[in-house]
Amino acid sequence: MSGPVDLDAFRATVRDWCRAHVPPRWREEQTGVSGEAYVRFQQAWFAELRGAGYAVPHWPAEWGGGMSVAEQVVLYQELAAADAPRLVLAFVSLHHAAATLLEAGTDEQRARHLPAILDGEIWVQGFSEPEAGSDLASLRTTARREGDEFVVNGQKIWASGGMHADWCLLLARTDPQAPKRRGISYFLMDMRSPGVDVRPIRQATGESHFCEVFLTDVRIPATQLVGPENAGWQVAQATLSTERGMTMLELAERLGNAGFRWLVAACTRPGPDGLRPIDDGAVADRLAALETEIVGLRALCRDFVDRSEAGRAGPADASVVKLFYSELLQRTMDFGTQVTGLASHTHLQKPLSSGWESGAWMLDFLGSWEWTIPGGASEIQRTIIAERGLGLPREPVMGS
Amino acid sequence: MSGPVDLDAFRATVRDWCRAHVPPRWREEQTGVSGEAYVRFQQAWFAELRGAGYAVPHWPAEWGGGMSVAEQVVLYQELAAADAPRLVLAFVSLHHAAATLLEAGTDEQRARHLPAILDGEIWVQGFSEPEAGSDLASLRTTARREGDEFVVNGQKIWASGGMHADWCLLLARTDPQAPKRRGISYFLMDMRSPGVDVRPIRQATGESHFCEVFLTDVRIPATQLVGPENAGWQVAQATLSTERGMTMLELAERLGNAGFRWLVAACTRPGPDGLRPIDDGAVADRLAALETEIVGLRALCRDFVDRSEAGRAGPADASVVKLFYSELLQRTMDFGTQVTGLASHTHLQKPLSSGWESGAWMLDFLGSWEWTIPGGASEIQRTIIAERGLGLPREPVMGS
Amino acid sequence: MTDLAELHEDLRAVARELLAAGRPDAGVDWEELVRAGWTGMEVPEELDGAGATLAEVAVVCEELGRAAARTPYLGSVVLAVGALARTAGCAGRDELLRDVASGETGIAVALDGALSGAAGPSFRLVEGAGGLRLHGRAGFVPDVADAARLLVPAAAPDGGVVLVALDAATPGLTVTAQPVLDATRALGGLTADGVPVGDGTVWRAAGDGEAALRALLDRAALAVACDSLGVAGAMLDRTVAYVGVREQFGRAIGSFQAVKHACADMLVQITVARQLVGLAVRAVVAEDADAGAAVARAKAYAGEAAVAVAGKAMQLHGGIGYTWESGVHLFLKRAALNRSLFGSPAEHRRALAARLG
Amino acid sequence: MTDLAELHEDLRAVARELLAAGRPDAGVDWEELVRAGWTGMEVPEELDGAGATLAEVAVVCEELGRAAARTPYLGSVVLAVGALARTAGCAGRDELLRDVASGETGIAVALDGALSGAAGPSFRLVEGAGGLRLHGRAGFVPDVADAARLLVPAAAPDGGVVLVALDAATPGLTVTAQPVLDATRALGGLTADGVPVGDGTVWRAAGDGEAALRALLDRAALAVACDSLGVAGAMLDRTVAYVGVREQFGRAIGSFQAVKHACADMLVQITVARQLVGLAVRAVVAEDADAGAAVARAKAYAGEAAVAVAGKAMQLHGGIGYTWESGVHLFLKRAALNRSLFGSPAEHRRALAARLG
């Protein structure tokens, strides 16, 4: 399947499938539910997608995927257009864990985990640390070799969905003497190992998706090392960028579909005085400006996917996309909050399984900092863009 | 005169005087005139103000001034309200030169120059250099001592009104071995000295208010040194801040009076379709936002003057005022350009003797970079505010 | 420094100390606040108050915002006194003012938090068999849910605007709490469905009733603007303190230009907001004809500035700032709620633009 | 990379080289531009053109903006071919297209630069004694002052929109140059005061005349958006080059975060503008029903981005950038003029908002 006719047919197929399978009232039903109900719903939806062949389209065919990039684009566009639930819980498993295993894992590691992920094994990312922040490479968690094992001590933070996780992608320092990016190793860690203590972090939105993970003398078999010892930073860099394009495309489509539809609805809903917000030229102007930016974002993401696929993406392209998306998301949610006024403050919970836009504007506005801070804060992205994208000189005293 | 009643009376007096003396059509008459006509007009207006006692209100009474700060505020407010011409040509003479002489000059220097300034002696500031830019202290012009004289070589830039100047406030390096702020001296230089070569710079607006000044073996008597040798940087710092408050207050009043009146006029003038720009909510919103900021600016400047007078101004207050004014000026002129559209591009000249707002919106927009770049560019002001105003740590490698 | 300015600085210092004691969202000890004299500030001396003005109350409001304090001060003091001050003298009014001064809470004014400026009253009195009856509804009323006594601005049958003093338990009145994300604010809805109103409880304004309501809405907006100014100030201070010690890439993050310049912009915004709030307070105290415009400018600018500053504070605090525990979210939520309460920036600017053309 | 994309890259490289030869405001050597085949790009092959599309012309327009080039390409080629392409075939039309392809200048289309989108024609034909007469006026018409032949979109007596082909010397026609600050653009006014019009010179559109005029205005707006994109790209490149070598405080100013982050924002804006312009070009070439909206987005966004980028370029060039000699002002003036030409961002967004609600 590669010609334009096939893509149109595929689009129609996905659209029909969505019409039949997307639970029509999932947003209402996922608002205010327990963690268990959320996990059950995520697992059921994952099973549905898997049944249709839509769960791991980006994986190699031999592992159950094999969809072309053009088809994946169509798939994500249609899931967004249908406002389908997102695979939030399985995100790390399907993307980061799979990419790590496929690109740097051993045959044994792949055979053990890839089928398990399809059966619902949940992964969490153990990269961030409290003291490191955006300076990820300054991480302090240590892994000391003892025979065939490593003994790990330290603390991880911002582990999304950590309380539900079976396995962890772990970065730890194995050579404290080496320069900071040369002494880190990459491990697969069983979350049920003794010494692993997971504590949820309550976020600004009141939810607790993220966790702290405390590691005390946790023993990891050396067979669970990914890539060479002390080359963990390089493995992480290589695998982090995988699929980032398609992930961003999906997010852009989400914002451009349900997100923008709600915004238009908010702007065109008559107030008590019968006037609609959009009847004010200032609101109309801002709405049109945001629509323009969102259209630009979607095209940007599509272009990024195409160029990544063709091996022509520039060294700062991912940063341009992330920076523009995250700040546009924040501006859009802020505007929605302003247009809906006090009412936006009365939504105390947002639907789980949702993306970054849920119609609970104030919560979504708060949540937008989950995009401007982690994964390299906006300030870091701008520096990357200037240095790698434009070739401007580094700051004389930056760490290395 | 200090009570509120007296101030009201003074305000009425100035208002009457303005009504009788401000040339009613000076803007039209000063548009497109020659340099000579501009100088004549400036001199005539200066004589008018001097006759009324309004030319040097900030000078000490013994030299012809002696107005209280509260009265000066009223004076500048009324001159702005009446859209009087500005004393552009005499600006450096009346402010920087006078402050330098009064605070750091010798009795002989004061006696020679202060009366001469009242009689029309024009001064220019010779601080900036092409290579130094915002890093003023890295200036390269040298003054080598030879007996009772200094021999000066180098190049100055951005000397405003340099082609009309009689005297120059000159900074030059007298000790090349010293740290950069400790080897600079401050001179009074006769612009008619042999070796002084003045060349106008054409600016982005097409005008040539500024000059380059080339100095080749110019000899300055040692008696024309201001303050101790090698303490010129400190003299310049002390005198540059003098009167900055009142100057900013005047500019804020100018923007708040004629400048804002033109903007309202532009927004309320019906277009070919009979609609007024302000009938669009987006324009109305922006106009109200700018009005709000301009009201804030005027209050800020008044407060700054009061606190400076009371010796309670903070170390970054001047930077806050300059940064906010310059960027607000730029935003306002940009908005005027947008509201008046293509028509704003057909004004090819703006009236001389005008301030930074003249109703020729596109030219004024271009001219606004004269405020965001010189005297410490906005980037420098933000750093000053953060370091001196908020106490944030300096950059590890900043020059000193 | 003038005597008044010194007085305000003293008041500010005391307030900051008093409010620094508790956790921001834990609620302020009302008794302490009463002992400090904040409830009676604007109440005339003959009614056991301090006979001060809104200028002093504004200092308290700013400090409450700075502490993101949970207290019914807005509804039970600022608005209650404002409503009563413009009411023609009568025993009931004086008694209520005395109660406010003495620190009695449980008084609320039925002002709809979604309204601003020249909005008319949300309630009306209808002449019926058996006397007057009150109809209407208001949402997002500050501190109404815990109120025992209500002051309801209402349109009288003659078209004038009056103040109706009611017991919250009166049949036909429905009070509902309206939880909002900002847990430091207590808002609620009030519905009156033909509530019988006794003659002695309908109080006329000392002057024009409509003007009195307009002034009350201005007062509400200005109190919120002061609060926003305080929120913004707190966020800048916390950010400056944090970026001065937090290290990344081997240096305090406050030494990076991007962080510095963001902090500088926060300071500039706060400085301008402070000027605009100051102008509005002076205009309201002096009862300037233009006071409404001054309030609109202050509310629009400070309301937006506080959201921008608190948002940037969250950004510069990084992951830490995004935790519930850090409390930064409290300020961002309060700033965002304030922005919409008693007139959004857009609504206030619309009113300003209407004066210009 | 597709063949088309490669073709465009080649075209861009050639264009950049050709235009880099002269000083930006000195005027482009028209003969070189003709030899390069730019005048006949969209003209059908049977009329000596290359039979290419607006996609290729867009590349040229961007490069002309990047060079801030003074040339009548917009009026005499982009608009002329656009107007003629939608005209029903006739000998006069074909001859004119052939002339355009062969590089003849002196052709202009009487489109008012102040108009955009769904504006009707500025001229009308009135049936009188002795035949049709043309009335109307248009301002800011690109390249009209030096034009010998004029194509005037006009409302016909039957209400349809037609194209009137006139000699500029026809009595009753008045052409006036309209100098603007941006000396790289030649705009002018055109007034028709009862100009007699011969039958053979009134050309009907191949399809709907009104749709043809709308498409022509979209084309004008899009050509200007491409120009703005080029202006912005040039300013970013010059700024990056400058801040990489200019030293202050002992280091290249491009190593300061404030400068870096400003440059990063410029790149982001340009990148998004490029996407929006690309979408609009593809939509117009494909004659999508939604092409007007795509053009509005591109024109609004690229128009604003170019002013922001050129303004920041001036700021980062410091005093040097403010000199006439540096030429930065040329780009800022062109960007600002472009922003207003054929519909301001506000006007285009108003049209976009109208589609949404």
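Each chain gets a letter, A, B and so on, in the order its sequence line appears, and its residues count up from 1.
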> With a 4.5 angstrom heavy-atom cut-off, which part of C:R349 approaches chain A: side chain, backbone, both or neither?
Replying inline: neither
> Taking C-beta and beyond as the side chain, do A:E395 and C:R251 meet within less than 4.5 Å on heavy atoms?
Replying inline: yes
>> Less than 4.5 Å to any heavy atom of chain A: does that hold for the side chain of C:A336, its backbone, both, or neither?
In response: both
>> Need one label for C:V307: side chain, backbone, both or neither, based on atoms under 4.5 Å from any heavy atom in chain A.
In response: side chain
> Where on A:L136 is there a heavy atom nearer than 4.5 Å to chain C: the side chain, the backbone, both, or neither?
Replying inline: neither
> Is it true that atom CZ of C:R355 has more than 12 heavy atoms of other residues, nucleotides or ligands lying nearer than 6.0 Å?
Replying inline: yes
>> Is it the case that the side chain of A:E379 and the backbone of C:V259 share a donor-acceptor pair, with hydrogens and angles ignored and the cut-off at 3.5 Å?
In response: no
>> Quick check: closest heavy atoms across C:S340 and A:L342, and the distance to 0.1 Å?
In response: CB-CD2, 3.8 Å
>> Side chains of C:Y322 and A:T205, heavy atoms from C-beta outward: is any pair under 4.5 Å?
In response: yes
> So, for A:L348 and C:P179, which heavy atoms are closest and what is the spacing to 0.1 Å?
Replying inline: CD1-CB, 3.7 Å
> Around A:R388, counting heavy atoms of other residues, nucleotides and ligands shown, do more than 12 lie under 6.0 Å from its CZ?
Replying inline: no
>> Any heavy-atom pair between the side chains of A:Q203 and C:E325 that's under 4.5 Å?
In response: no
> Does a sphere of radius 6.0 Å around CZ in C:R137 hold more than 12 heavy atoms from other residues, nucleotides or ligands, not counting ones at 6.0 Å or beyond?
Replying inline: no
> Which answer fits C:L187, side chain, backbone, both or neither, if we ask what part of it has an atom under 4.5 Å from a heavy atom of chain A?
Replying inline: neither
> So, the side chain of C:K333 versus the backbone of A:H345: is there a donor-acceptor pair under 3.5 Å, distance only?
Replying inline: no
>> Looking at every heavy atom in both A:A377 and C:Q315, which two are closest together, and how far apart are they?
In response: CB-NE2, 3.9 Å
>> So which residue, A:S208, A:S128, A:G367, ends up with the most heavy-atom pairs under 4.5 Å with chain C?
In response: A:G367
>> So for A:Q330, is it side chain, backbone, both, or neither that comes closer than 4.5 Å to the heavy atoms of chain C?
In response: neither
>> Closer than 4.0 angstrom, basic N to acidic O: yes or no for A:D334 and C:R339?
In response: yes
> Shortest non-hydrogen contact from A:I373 to C:G319?
Replying inline: CG2-N, 3.5 Å
> Quick one: does C:Q248's side chain have a donor or acceptor within less than 3.5 Å of a partner on A:A132's backbone?
Replying inline: yes
>> Under a 4.5 Å cutoff for heavy-atom pairs, which residue among A:V283, A:I157, A:D280 has the most contacts with chain C?
In response: A:D280
> Heavy-atom distance under 4.5 Å to chain C: side chain of A:S138, backbone, both or neither?
Replying inline: neither
>> Within a 6.0 Å radius of atom CG on C:D146, are there more than 12 heavy atoms belonging to other residues, nucleotides or ligands?
In response: no
> Given a strict heavy-atom distance threshold of 4.5 Å, which part of A:L366 is in contact with chain C: side chain, backbone, both, or neither?
Replying inline: both
>> Show the nearest heavy-atom pair for residues A:T346 and C:F140, with the distance to one decimal.
In response: CG2-CE2, 3.7 Å
> What part of C:S344 is in contact with chain A, defined as an atom under 4.5 angstrom from a non-hydrogen atom: side chain, backbone, both or neither?
Replying inline: neither
